[in-house]
Amino acid sequence: MAGTEHEEVEETLKRIEAHKGVIGTIIIDAEGIPIRTTLDNSTTVLYARLLRRLTMNARSIVRDIDPQNDLTFLRIRSKKHEILVAPENDYLLIVIQNPCE
Amino acid sequence: MVKDLKQYWELSNQDHPEDIFPMVLTSATQELFDCVADEDVTGESPYKLLEKDDIIQDIKTRAAVSDFSPVKQIVLDYPEDELLLVYDRDFTYGQSFYLVLTPDAKDRILNPPKPETPEVFEKEVVKTPEPKPWISFGSDKEIDEEAFKESREKLLYKFSRVRRKFGVPVCFSDRNTADYLECASYQDSRFSIKQMQRDCGMQAVPRLQSSSAQTQWKFQKNIFTQYTPRELSVEEKENILQLESLKTFCNSVTPRVLQALQQEGIMNVFFDDWKALGTATEDGDWAGKVSEGLMLYQAFTDQKYTKDKKICSVNWHPTIYGVIAVALTAKKEDQLNESAVRASFILFYTFSDPSNPQLLLECPDDIFAFEFCPSDPNIIVGGCINGQVVLWDISAHVTGLQGTQPGKKVSVNTDTCDFHQDLDDNKENKTPIVRYCAVSALDSSHKAPITDVQWLPATFEVTRTGLPVENMYNVSTQVVTCSPDCTIMFWDVRVSNLLSHSASERRQIMDQKTPYSVPDTFKHLDRTWKPLFRVSLPKIDTSGEYAPLKFNMEHYTCNANENGDSSKVIPDYSQLILPSAKTLKALEDVNTKLYIGTEDGEIIYIDWKLGKDDSGRLQSAKPLHCFSIHHWLVNTVQRSPFFKDIILTAGSWNFAIWKEGVMDGPILLSASSEQVCTVGCWSLSRPAVFFIGKEDGSIEVWNLLEKTNEPVQVHSHVTNAKITCIKPWAASSKQHFLAVTDDLGMVRVFEIPKTLYVPSRSESLNVKKYFELEEDRLKDLLRREELWEKQKETEGLKKRTEPDKPVTSLVENEEANVKEYNDYLMLEENVLKGMGLWRAPADTQDT
């Protein structure tokens, strides 16, 4: 039973990972500790620490402007990659994608 | 002791002092008194005491003759008995002896005073100073004045109450103030003393003061922290992954993420289309005055030399800024007229003087084509109308070209040069004339005018069989010429092996003397120059040969020849020796094929290597391809400076672009124009731009990326005559010139506007793509042509065998269409009714 539940998560994530251009995905918990990742450890830890801070900042901005609003998605586009961050409940999903041009 | 005395006396008296008397004593007297000089009395003991009585005796006996007669009186008065006679050896007082006259002096001389001897001090014992009684100097008075003393005794008043009233309560009563004598205080002006002087004490305080403070560390912050990230163990991770919350999280987040990913894949929202639309030239100066077309910069002509001549060839000087060389040839009519033979020249113009040439190169005959040597711009090779190849060396006059002033400044050179030249040069501006260094042997040259000359690039050279080998010197030493006598010849400018020449020729070489003022760089070649080898052009299908007019070869660039010497040391051409073919390494990857344009408008592709035919003789191969595209003389075969395999050919009424390797035909063929295309050339900085010159004196600017069926710009009537040559040149990054020459002998230099020389973004890539497209199209076309051919044949067969097919009647089609339309109207009505927008058309129609 535990295995199947685990598999659902896996399956969902596989859909994301199979998308064109995706380099890696990371799930981090409320405290910023990575739970599941497809990248190497040092990169994961780096992304987790930095993006969690940024997400919290972004969320606080949105809620400061309008307390009934909340952050749903954060997208950072750089020259080389695009970083997608989806906060929800206590977890954070980070996806790094190569823009296809 | 004697010296002391003498010095003492010399210091005090110049002459003899009073108490001595210098006198001369004769030898008789000397013997008498026992004071013979240097016997009885000497320098060491010059003193002799003489008895007074003896002297008196002598005086008495000899009277006037006596030596002592002058001092007779003194002697008589002498108080003592003995007189001192001193032998004055050094004649201090003028005589050999002197008599001391006073006893004091005698004593002094005999007993010189003893010098005081310094006393030896005793060692004093250090004693404590004893108190001495104080001597008053008057300071005690001052102290007394300042001191404070009581002037009188102190007064004492004692007030007390009567004893019996001690401890008794006090009773106060009033009294009238007037009864009492008051002594009120008042300000007495006598006592308002202004203190003029005051003594005050001072104390020095040190300037330096040290103090300390303590800083506060208000905001405590760590500078460095070292940490390790928290990590979950594998079991914990497993646990979390199974949580329900994680599942919900994933489910809710996934759609968003997928949407974002997909968005990214569809388009790039941050790409600025507008900005990317503009080419690189448009960002920056739209000053408004930017001209689109060619602007005339300068025109060069010279009345004396260019009269009735046309220009066949023009070249920019490769290194010196602003120098153009033009080759003048007589027009066709004059060529027949042999009597009016005038010297032919190549003129050098500079920007600074548009109406006078700076340098003239004398040619044996009219020159149709000439080129600067790419390794040494002072060497120029030209092809004559009579088939000879001519060489010049202008190293002596290069400074004149580089200077801004014409020949006037270069006085040194003109003197040496004019010596040999025509007389009329002396009258005028003294434009220096350079005679040619060498001409090829008449019998081994071309039989027809040479129409094209090219230097082989410095990267390789060829042997006598046309085999390309490596070039040791890294300079261009070989020249290729072509001429309508159906041959292409390869020449070498180096000193060849003399053994190959016959005896008579050798003698001729030795006997030759170069005329004065001609540099002897190519002395070894003059009049005996033979080509390395010849390439003939037999026709492919028929007998006969092609008559080439222009040719083009691929410039071989080798990578392995980087010897590291970046300084281009130009070797002395007269010292280069033709190496033996065996010693050089053969280069395999040199493209030895030439593109040739002929008199009849054909483009030939031929390999210049000589192969061996059946009889063992060296024979040139048959051309690989031949295309008859142009209908008349081909006047341009030029490779694109950007692509090694794209060639532009122009001739008769059209031009074509070829790709090397595509053997089926030109990848681009222009439409026939009304005017004859007389010359074409590629732009040096833009891969898609090239210029075509026309017979009516107009220039067309073509841009392959903008329009391929017509030119982008047409500058009509640039000149009144036919345009004979166009050569572009990039003087600097901001100045690009185009030299245009015409039939009247004028050279016009145009400035290419920025839009035409700054390449657009990725222009090279685009042009390459375009050429590839064209190539594909050509191939496709050819393929289709074949197909059509085949189809035609089969169809022709088919038509005869098949019966006629029933043709669907037109009426039936109409009915089907009407039905469809009605169906559509129904559909429209339903939809609109559903939306509530339906309006019956019958109501709104106007009747």
Side-chain angles (χ1 to χ4, degrees), chain A residues 1-22 25 27-37 41-42 44-49 72-75 77-79 81-101, chain B residues 219 221-280 283 760-766 769:
Chain A
M1 199 172 99
T4 52
E5 282 185 3
H6 193 179
E7 270 184 28
E8 267 196 48
V9 169
E10 284 288 331
E11 207 184 289
T12 322
L13 287 173
K14 279 219 171 49
R15 273 170 63 199
I16 296 177
E17 280 156 26
H19 206 277
K20 183 169 151 202
V22 170
T25 56
I27 301 183
I28 57 178
D29 72 346
E31 291 179 324
I33 312 174
I35 302 172
R36 189 188 172 284
T37 170
N41 199 21
S42 51
T44 306
V45 157
L46 185 69
Y47 271 99
R49 183 188 65 177
T72 50
F73 206 81
L74 187 65
R75 222 162 157 185
R77 195 201 173 77
S78 72
K79 268 202 278 192
H81 313 299
E82 175 146 355
I83 305 171
L84 316 170
V85 181
E88 181 80 21
N89 304 338
D90 299 321
Y91 302 98
L92 209 64
L93 173 65
I94 303 168
V95 179
I96 305 155
Q97 186 194 25
N98 232 342
C100 26
E101 286 189 89
Chain B
F219 186 53
K221 191 174 73 160
N222 286 334
I223 296 176
F224 301 108
T225 21
Q226 187 168 10
Y227 57 91
T228 53
R230 273 185 305 171
E231 283 180 7
L232 299 170
S233 65
V234 184
E235 298 92 36
E236 284 174 333
K237 281 192 195 169
E238 286 287 321
N239 284 339
I240 295 179
L241 280 171
Q242 285 154 25
L243 284 177
E244 189 68 29
S245 55
L246 189 71
K247 210 164 60 140
T248 47
F249 160 72
C250 278
N251 288 334
S252 60
V253 146
T254 307
R256 274 182 254 160
V257 175
L258 284 173
Q259 190 198 29
L261 289 170
Q262 200 177 38
Q263 264 180 8
E264 188 49 50
I266 294 171
M267 66 171 283
N268 182 2
V269 290
F270 298 106
F271 181 66
D272 192 355
D273 295 312
W274 177 247
K275 200 167 181 188
L277 203 61
T279 55
D283 43 59
S760 58
R761 265 212 282 171
S762 62
E763 179 165 335
S764 181
L765 214 64
N766 291 340
K769 274 192 211 158

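Within every chain, numbering begins at 1; the chains are lettered A, B, ... in the order of the sequence lines, protein sequences first and strands thereafter.
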Revision key, fill the gap. With sequence neighbours left out, the residues meeting side-chain hydrogen bond (donor to acceptor under 3.5 Å, both in side chains) with A:Glu82 are A:Arg75, A:Arg77

Practice item. Could you check which of B:Leu246, B:Thr254, B:Leu258 has the highest count of heavy-atom pairs closer than 4.5 Å to chain A? Key: B:Leu246

Contact origin within [X] toward chain B - heavy atom pairs under 4.5 Å:
X: A:Val22; answer: side chain
X: A:Arg15; answer: both
X: A:Leu92; answer: backbone

If I take atom [atom1] from residue [X] and atom [atom2] from residue [Y], how far apart are they, to the nearest 0.5 angstrom?
X: B:Ile240; Y: A:Ile33; atom1: CD1; atom2: CD1; answer: 7.5 Å
X: A:Glu11; Y: B:Cys250; atom1: CD; atom2: SG; answer: 11.5 Å
X: A:His19; Y: B:Gln262; atom1: NE2; atom2: CD; answer: 5.5 Å
X: A:Asp29; Y: B:Ser245; atom1: CG; atom2: OG; answer: 10.0 Å
X: B:Asn251; Y: A:Glu88; atom1: CG; atom2: CD; answer: 10.5 Å

Review point. Given a strict heavy-atom distance threshold of 4.5 Å, which part of B:Ser252 is in contact with chain A: side chain, backbone, both, or neither?
Key: side chain

Review point. Looking at A:Asn41 and B:Glu231, what are the two nearest heavy atoms and their distance?
Key: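 It is ND2-OE2, 2.8 Å.
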
Exercise for review: Might you point out which heavy atoms bring B:Leu232 and A:Pro34 nearest each other, and give the distance in Å?
Suggested key: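 The pair with the smallest heavy-atom distance is CD1-O, 4.4 Å.
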
Exercise for review: Given side-chain contact (heavy atoms from CB on, under 4.5 Å), test A:Asp90 with B:Phe249 step by step and report yes or no.
Suggested key: CA-CA 8 Å; A:Asp90 299 321; B:Phe249 160 72; over 6 Å; no

Check your understanding: Backbone N or O of B:Leu241 within a donor-acceptor pair of the A:Arg36 side chain at under 3.5 Å?
Key -> no

**Study point:** Side-chain heavy-atom pair B:Glu264, A:Leu84 within 4.5 angstrom cut-off
**Key:**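 A side-chain contact is absent here, since even the closest heavy-atom pair is not under 4.5 Å.
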
Exercise for review: Kindly write out the residues that satisfy salt bridge (Lys or Arg N to Asp or Glu O under 4.0 Å) with A:Lys14, not counting sequence neighbours, or none if the list is empty.
Suggested key: A:Glu10

